[in-house]
Amino acid sequence: MDYTPVKGTHDIFGSEAKQHNYVSYVLKSTAELYGYKGLETPVLEHTEVFSRGTGESSDVVRKEMYTFLDKGNRSVTMRPEFTAGIVRSIVSNKYYATEDLPIKVFYHGPAFRYERPQLGRYRQFHQFGVEEIGLDSARADAEIIIMAVHMMHNLGFKTVNLKINSIGDEETRNNYRTALVEYFSKHIDNMCPDCKERLQLNPLRILDCKVPADQEIAKDAPKLKDYLSEASEKRFYETLSIINDFGVEYEIDDGLVRGLDYYSEVVFEIHAVSDEGKDYGALGGGGHYGGLVRSLGGPDLPGVGFAMGMERVVSVMNDNHLLEEVTDGIDFYVIPVGEDMLDEAFNLTMAVRSMGYSAETPLANGKMGSLFKKAVKRKAKYAIIVGGNELERGVINVKNLATQEQKEIALDDLENALSDLIDPIDEGCCCGGECDCDGECKCEDNKEGCCCCCDSKNN
Ligand code: AMP
């Protein structure tokens with residue numbers, strides 16, 4: 001028996017699990033701000049969902065799918081990406097007939113690709129993504145791109161590198177394909193076996209090849225922008241202009257084609273950049289798609305969407321210290337002073353939990369020293385010490401485990417006292433730190449702890 005996880009898979013535990021939950025919470029909440037609803041689809045789909053949807057010429061479908069025959073001899077596949085399954089769900093449930101268009105959904109869960117595992121590349125990984133289906137407009141495309149950038153800012157990234165391109169409509173891609181075939185046919189003998197196949201299946205995929213020698217050849221290949229149809233060019237610049245109006249910066253990358261077959265018109269990738277300017281590569285990407293809904297048996301509806309890789313987002317956020325406060329620690333560790341305080345400590349712990357704070361207490365007797373060590377190991381913010389003498393006086397001691405400061409609090413004021421410890425009132429200026437009140441309060445709520453000039457006015 002091999003007790004190691006399957007190659008390319010990994011366990012997510014404790015603080016890391018909490019970080020994943022936090023990131024997906026921020027992403028979901030942002031999607032909800034834009035009116036998106038959750039849609040959970042099965043991990044397993046009929047294989048054709050991906051072969052027809054994601055596309056026969058994509059590397060994902062050709063080489064990376066976990067496909068097998070189930071006991072009923074049906075070919076099923078563990079989703080390598082979500083979009084095809086989401087569209088399958090919208091078609092099979094006829095949501096396009098019962099919901100207002102566009103249908104706007106978000107999703108989150110594991111995806112599976114048989115890729116070579118390396119840093120940031122797994123065989124089971126998690127994606128969060130969104131799809132907006134049923135409205136063909138540059139504004140819909142722009143809104144989703146703006147939302148993707150908004151999500152990155154909500155996660156705490158100050159700088160986001162948005163790479164954007166248009167791969168045009170069908171006419172564009174047909175003309176471009178012909179030009180690529182002509183160009184690459186002259187070089188194909190010096191290219192990798194995969195590119196030889198790509199030339200037959202979909203020469204656009206060659207532009208995504210990671211083999212350095214092939215990338216060198218691809219540098220001089222015809223450029224997509226020279227083949228954009230008038231309609232696609234107009235649409236692309238309309239999208240850019242809307243994004244621009246919202247102050248979202250972008251970089252046009254005319255080599256960006258994306259690896260899945262269903263894209264048309266605008267495509268984009270989101271890169272995180274550290275304060276020092278380091279580009280971490282793509283955390284997510286997406287674009288507009290034309291014939292996908294129809295190819296999976298639905299009406300002729302367009303869509304636009306994007307997906308982010310959760311493992312990569314969490315790792316880059318950790319690298320940039322954006323998740324330091326998201327740990328699996330607790331608020332309070334309640335320490336009984338001696339065995340006869342176990343019941344009191346247990347009852348107090350339950351009371352603290354009922355006030356909405358996380359708390360633990362040892363369920364068996366232990367020495368004070370080792371219980372304090374446990375409190376630290378459990379990453380508690382505070383230790384509450386429950387002693388017989390103090391209880392007789394109606395008080396307990398609370399120790400801040402970071403500063404070692406200790407103070408007594410009265411049990412009949414427990415809820416207020418704990419709330420002051422965990423959620424202290426912000427004493428800073430509600431005008432945002434640097435006060436420009438000029439003695440005239442601009443704060444809408446005149447909240448407690450407001451800056452001095454507001455206070456003087458309020459008094
Ligand atoms: P894609 O569906 O290929 O457009 O990928 C969208 C995002 O998912 C990428 O930008 C990555 O962040 C993430 N991703 C894709 N493949 C993997 C993988 N094998 N392991 C981890 N993350 C991945």
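Note that these values count all heavy atoms, side chains included, but never hydrogens, waters or copies made by symmetry. First listed ligand is number 1; within each ligand, the first listed atom is number 1.
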Engineer: Are Glu45 and Arg88 ion-paired here, with the side-chain N under 4.0 Å from a carboxylate O?
Structural biologist: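 Counted as a salt bridge, because a side-chain N and a carboxylate O are separated by less than 4.0 Å.
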
Engineer: When you look at NZ of Lys379, are more than 12 heavy atoms from neighbouring residues, nucleotides or ligands closer to it than 6.0 Å?
Structural biologist: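 Yes, the 6.0 Å shell around NZ holds more than 12 heavy atoms from other groups.
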
Engineer: Have a look at Gly309, Gly129, Gly120, Ala111 and point out the one with the heavy atom closest to atom 21 (C) of ligand 1.
Structural biologist: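 Going through Gly309, Gly129, Gly120, Ala111 one by one, Gly120 has the nearest heavy atom to atom 21 (C) of ligand 1.
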
Engineer: Please state which protein non-hydrogen atom is closest to atom 22 (N) of ligand 1 and give its distance, to 0.1 Å?
Structural biologist: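 That would be Phe125 CD1, 3.6 Å.
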
Engineer: Please state which protein non-hydrogen atom is closest to atom 19 (N) of ligand 1 and give its distance, to 0.1 Å?
Structural biologist: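 Closest protein heavy atom to atom 19 (N) of ligand 1: Glu115 OE2, 2.6 Å.
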
Engineer: Are Tyr34 and His150 an aromatic pair, judged by ring center distance below 6.0 Å?
Structural biologist: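 When the ring centroids of His150 and Tyr34 are compared, they turn out to be within the sub-6.0 Å range.
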
Engineer: Please examine the side chains of Glu265 and Ile167, heavy atoms only from C-beta on, and report whether any two atoms are closer than 4.5 Å.
Structural biologist: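 No, too far: nothing below the 4.5 Å cut-off.
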
Engineer: Please state which part of Leu283 comes within less than 4.0 Å of ligand 1, counting heavy atoms only: side chain, backbone, both or neither.
Structural biologist: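 For Leu283, only backbone atoms sit under 4.0 Å from ligand 1.
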
Engineer: Taking 4.0 angstrom as the limit and counting only heavy atoms of Tyr122, give me the atoms of ligand 1 inside it, by number and element.
Structural biologist: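 The atoms of ligand 1 under 4.0 Å from a heavy atom of Tyr122 are 18 (C), 19 (N), 20 (N), 21 (C).
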
Engineer: Check this for me: does any side-chain nitrogen of one of Lys163 and Glu269 sit under 4.0 Å from a carboxylate oxygen of the other?
Structural biologist: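 No.
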
Engineer: Pull out every atom of ligand 1 sitting under 4.0 Å from any heavy atom of Ala307, numbered as shown with elements.
Structural biologist: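 Counting atoms of ligand 1 from 1, those under 4.0 Å from Ala307 are 6 (C), 7 (C).
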
Engineer: Below 6.0 angstrom between ring centroids: does that apply to Tyr122 and His10?
Structural biologist: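 Between Tyr122 and His10, the centre distance is under 6.0 Å.
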
Engineer: I'd like to check which ligand 1 atoms, numbered from 1 as shown, lie under 4.0 Å from a non-hydrogen atom of Gly284.
Structural biologist: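 In order of number, 10 (O).
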
Engineer: Could you tell me the residue and atom name of the protein heavy atom closest to atom 11 (C) of ligand 1, and the distance to it rounded to 0.1 Å?
Structural biologist: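 Looking at atom 11 (C) of ligand 1, the protein heavy atom closest to it is Arg312 NH1, 3.4 Å.
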
Engineer: Quick one: look up the protein heavy atom nearest atom 5 (O) of ligand 1 and list residue, atom name and how far away it is.
Structural biologist: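 Residue, atom and distance for the closest contact: Gln127 NE2, 3.4 Å.
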
Engineer: Do His187 and Tyr183 have ring centres separated by under 6.0 Å?
Structural biologist: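 Yes: the rings meet the under 6.0 Å criterion.
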
Engineer: Any carboxylate oxygen within less than 4.0 angstrom of a Lys/Arg side-chain nitrogen, looking at Glu99 and Lys37?
Structural biologist: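 Looking at Lys37 together with Glu99, the answer is yes, because their closest N to O distance falls below 4.0 Å.
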
Engineer: So, is Arg113 polar-close to ligand 1, with some N/O to N/O distance under 3.5 Å?
Structural biologist: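 Yes; the residue has a nitrogen or oxygen that sits under 3.5 Å from a nitrogen or oxygen of the ligand.
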
Engineer: Applying a heavy-atom cut-off of 4.0 Å, say which part of Arg121 lies close to ligand 1: side chain, backbone, both or neither.
Structural biologist: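 Contact part for Arg121 vs ligand 1: both backbone and side chain.
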
Engineer: Taking non-hydrogen atoms only, is Glu311 closer than 4.0 angstrom to ligand 1 via side chain, backbone, both or neither?
Structural biologist: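 Answer for Glu311: neither.
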
Engineer: Heavy-atom pairs closer than 4.0 Å: do any link ligand 1 to the side chain of Arg258, the backbone, both, or neither?
Structural biologist: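 It is the side chain that touches ligand 1; the backbone stays farther off.
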
Engineer: Heavy-atom count check: over 12 atoms from other residues, nucleotides or ligands less than 6.0 Å from Gln404 CD?
Structural biologist: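 Above 12, so yes.
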
Engineer: Examine ligand 1 and decide if any of its atoms is less than 4.0 Å from a heavy atom belonging to Arg123.
Structural biologist: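 So Arg123 does not count as touching ligand 1.
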
